[in-house]
Amino acid sequence: RCAYLVAFKRGAFARAAEQLEASITLCRTESRDRLTAMTSYSEVLCILGRTGEARATALEAVTVGRRWGDPLVIGFAAWSLAWIAAYQEDVSATRDALQVVADNPAAWFDQLGGHEFLVDAALMMSMIGDDEGCRQYAARAAEHEQASADLLALLAARIEVIGGDPACAVQLMEALEGTAYADPGQAWQRMLWSAVAELRSGNGERARDLVQRSLRVTEQLGLPDLPERLEGRVVRMLSPVWPRHEERAAKSLTHLTLLGGFNLRRGAEDCAPAPGHGATLVKVLALRGTLAAEQAIDTLWPGVDVATGRSRLRNLLNRVRSQSGEIIERRGDSLSLSPDISVDIDEFERMAVEAFTNVGPRRVGIARLALAAHSGELLPSDIYQDWAAAPRERLRRRLLSLVDIVVDDAFDKGDLDDAVRWLDFAISIEPLEETRYARVCEALLVQGRRATARSMGERAVAMLGELGVVPGVRLRAILVRVEHG
């Protein structure tokens with residue numbers, strides 16, 4: 001609560017993430033507290049620009065909530081997913097997530113939380129450009145029994161700013177300051193709303209001043225690209241007084257995604273090199289670190305002579321620079337990614353190492369957080385590339401080791417459903433490991449799910465048969481139990 005209601009609201013986003021990580025790792029794994037903390041954590045991660053991790057964390061909470069049949073957990077996690085989608089102006093994903101919340105009503109919906117959701121949903125509709133949807137949610141929010149005047153004033157200000165009376169919008173924005181929902185951490189956003197109102201009123205210099213003040217605040221927060229990432233529609237409306245693109249791009253955070261797909265974003269801008277050798281070079285540098293020029297040439301154009309390779313490399317670096325900016329550094333004969341680029345696998349591996357080296361009660365919690373940060377297979381479109389083979393295997397082994405930590409804990413606590421779920425996940429990644437089949441069968445037998453255990457045992461035997469391997473003692477014993485009780 002301190003992380004979200006104090007650090008996050010005040011704009012100490014990195015501190016909020018640290019506190020929420022600690023909270024999640026200390027919560028009981030089967031607790032609602034842990035899952036609601038994960039939804040807050042996903043929102044903070046999104047603010048920090050770690051969108052893939054944010055989405056994976058919220059989806060994990062939705063998955064567990066559905067397994068438990070807990071509408072509160074599902075609703076809160078889907079609420080976070082809706083915010084993530086709205087920030088990216090993903091219309092269909094925003095609507096789908098809001099529908100999931102609507103499909104999972106709980107007691108919170110009739111209380112203040114329900115009113116906050118309706119206001120948030122209206123704000124999201126405005127962000128994705130659905131002004132009619134915004135008005136519909138706003139009307140529902142106004143009729144809610146727990147309606148908050150301050151929150152309705154915030155929503156009214158946004159509506160007037162975007163398409164209403166600009167003079168009224170200016171007055172509403174001034175009145176917002178000091179109210180319960182004027183969070184210090186969102187001051188930069190309110191300045192931008194005010195700037196839009198002033199610009200629409202014909203006060204260009206006032207709007208320009210507010211934009212500059214807002215950008216100074218986001219720089220002080222250490223997140224200079226917040227406006228482009230979270231308020232794309234507002235930024236576009238402010239284009240007459242917005243700083244030049246080149247100036248903003250130089251200050252934007254750049255994040256490289258390799259898990260679940262390949263993407264490079266600078267702030268809200270997709271700046272990935274076009275498919276081909278440029279994208280391949282970025283991927284290789286992200287996975288291997290510094291490369292000598294000749295190593296890069298051998299990877300990209302095997303068999304070519306050195307002179308031709310160097311000429312091609314120079315041309316390629318120029319194309320990448322024109323497409324994506326200064327994302328590759330060349331020092332002498334060495335190439336590396338710019339140190340300003342954050343890479344998703346680095347965060348995953350950091351958390352994995354922390355889980356492996358921690359022997360205290362936080363070990364399992366950190367392992368679960370690392371699993372939530374893993375948003376998909378490494379570069380799924382490059383599964384046959386030799387340069388990706390070793391990193392893919394390393395990440396796969398780390399992922400499986402994290403799963404084993406979680407599975408052991410689930411067995412210790414008697415949470416067999418959770419154990420089976422994670423074992424199924426591990427088997428989908430490594431279908432040739434007999435031990436995990438045996439553990440699934442044992443859990444299923446304890447639960448009385450004999451038919452499912454038989455099916456899993458037969459699957460294991462078939463897998464071993466393809467390898468020409470006889471089932472081990474443990475699996476054979478389980479198969480006897482399945483047949484004879």
Side-chain angles (χ1 to χ4, degrees), residues 2-25 36-61 77 79-90 120 124 127 183-189 192 214-232 235 248-249 251-260 263-271 338-352 354 366 368-375:
C2 186
Y4 190 74
L5 297 177
V6 179
F8 180 69
K9 297 295 186 181
R10 294 182 65 180
F13 302 123
R15 176 61 175 159
E18 292 173 2
Q19 291 178 325
L20 282 165
E21 285 180 9
S23 172
I24 293 166
T25 61
T36 53
M38 285 177 67
T39 64
S40 298
Y41 182 55
S42 70
E43 187 173 343
V44 176
L45 290 176
C46 188
I47 298 294
L48 291 172
R50 294 158 59 183
T51 306
E53 295 171 60
R55 186 180 293 105
T57 300
L59 284 172
E60 168 67 8
W79 190 347
S80 291
L81 285 171
W83 269 122
I84 294 168
Y87 287 143
Q88 296 187 310
E89 299 184 70
D90 186 330
D120 278 3
M124 293 178 208
M127 292 167 69
D183 299 329
Q186 299 299 315
W188 65 270
Q189 184 182 53
L192 293 185
S214 174
L215 297 181
R216 283 196 294 271
V217 170
T218 59
E219 288 181 21
Q220 291 168 0
L221 293 173
L223 298 168
D225 57 352
L226 267 179
E228 289 91 347
R229 285 196 290 111
L230 306 188
E231 280 285 12
V235 169
R248 293 296 299 151
K251 296 181 179 180
S252 295
L253 305 179
T254 306
H255 184 73
L256 178 61
T257 298
L258 302 177
L259 295 173
N263 197 313
L264 183 68
R265 300 190 74 84
R266 183 177 294 109
E269 177 188 7
D270 184 348
C271 60
S338 166
D340 296 331
I341 298 176
S342 63
V343 186
D344 60 349
I345 61 172
D346 293 343
E347 181 62 20
F348 168 73
E349 296 208 76
R350 179 193 68 78
M351 298 179 77
E354 187 177 354
I366 296 169
R368 287 180 179 272
L369 270 179
L371 289 170
H374 191 278
S375 53

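By convention here, the first residue in the shown sequence is residue 1.
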K.L.:
Once rounded to the nearest 0.5 Å, what's the spacing between atom NE2 of H374 and atom CE of M351?
P.N.:
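Taking NE2 in H374 and CE in M351, the distance rounds to 12.5 Å.
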
K.L.:
Taking only residues two or more places apart in sequence, or in another chain, which ones meet N263 in a side chain to side chain contact (heavy atoms under 4.5 Å, CB included)?
P.N.:
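Partners of N263 by the side chain to side chain contact (heavy atoms under 4.5 Å, CB included) criterion, ordered by chain and then number, come out as T257, R265, D270.
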
K.L.:
Can you list everything that forms a salt bridge (charged side-chain N to carboxylate O under 4.0 Å, His left out) with E228? Sequence neighbours excluded, please.
P.N.:
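For E228, the residues satisfying salt bridge (charged side-chain N to carboxylate O under 4.0 Å, His left out) (neighbours in sequence not counted) are R248.
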
K.L.:
Out of curiosity, L258 CG to I345 CD1, how far, rounded to the nearest 0.5 Å?
P.N.:
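Answer for the CG-CD1 pair, L258 versus I345, is 5.0 Å.
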
K.L.:
Closest heavy-atom contact between E89 and G232?
P.N.:
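Minimum heavy-atom separation between E89 and G232: OE2-CA, 3.5 Å.
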
K.L.:
In Å and rounded to the nearest 0.5 Å, what is the CD to CG distance from E349 to D344?
P.N.:
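Answer for the CD-CG pair, E349 versus D344, is 10.0 Å.
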
K.L.:
Pairs of donor and acceptor atoms involving the side chains of residues 47-60, under 3.5 Å and at least two apart or interchain, shall be tabulated with distances.
P.N.:
residue : atom : partner : partner atom : Å
R50     : NE   : E53     : OE1          : 3.3
R50     : NE   : E53     : OE2          : 3.2
R50     : NH2  : E53     : OE1          : 2.8
R50     : NH2  : E347    : OE2          : 3.0
R55     : NH2  : Q88     : OE1          : 2.8
T57     : OG1  : E53     : O            : 2.8
E60     : OE2  : R421    : NH2          : 3.3

K.L.:
Only pairs under 3.5 Å count here: list side-chain donor-acceptor contacts from residues 8-21, not counting sequence neighbours, and write none if there are none.
P.N.:
residue : atom : partner : partner atom : Å
E21     : OE2  : Y41     : OH           : 2.8

K.L.:
Report all side-chain donor-acceptor pairs from residues 215-224 shorter than 3.5 Å, counting only partners two or more places apart or in another chain.
P.N.:
residue : atom : partner : partner atom : Å
T218    : OG1  : L215    : O            : 2.9
E219    : OE2  : K251    : NZ           : 2.9

K.L.:
Please report the interatomic distance SG(C46) to OH(Y87), rounded to the nearest 0.5 Å.
P.N.:
6.5 Å

K.L.:
With heavy-atom distances below 4.5 Å as the criterion, would you say the side chains of L45 and I84 are in contact?
P.N.:
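Side chain of L45 against side chain of I84, heavy atoms only: no contact under 4.5 Å found.
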
K.L.:
For S40, check side chain to side chain donor-acceptor pair (under 3.5 Å) against everything at least two apart and list the hits.
P.N.:
none

K.L.:
Do E43 and W79 have side chains that approach each other closer than 4.5 Å (heavy atoms only, starting at C-beta)?
P.N.:
no

K.L.:
Can you name the residues that form a side chain to side chain donor-acceptor pair (under 3.5 Å) with W188, not counting sequence neighbours?
P.N.:
none

K.L.:
For D225, enumerate each residue passing the salt bridge (charged side-chain N to carboxylate O under 4.0 Å, His left out) test, keeping only those at least two apart in sequence or located in another chain.
P.N.:
R229

K.L.:
Working to the nearest 0.5 Å, report the span between CD1 of I366 and CG of L371.
P.N.:
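Spacing of CD1 (I366) from CG (L371) equals 12.0 Å.
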
K.L.:
Test your reading of the model: is there a side-chain donor-acceptor pair from S80 to the backbone of T39, 3.5 Å cut-off?
P.N.:
yes

K.L.:
Mind checking what makes side chain to side chain donor-acceptor pair (under 3.5 Å) contact with S338, not counting sequence neighbours?
P.N.:
none

K.L.:
Applying side chain to side chain donor-acceptor pair (under 3.5 Å), can you list everything that pairs with D90, at least two apart in sequence or on another chain?
P.N.:
S92

K.L.:
Of all heavy-atom pairs between A82 and M124, which one has the smallest distance, and what is that distance?
P.N.:
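Shortest heavy-atom contact: CB-SD, 3.5 Å.
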
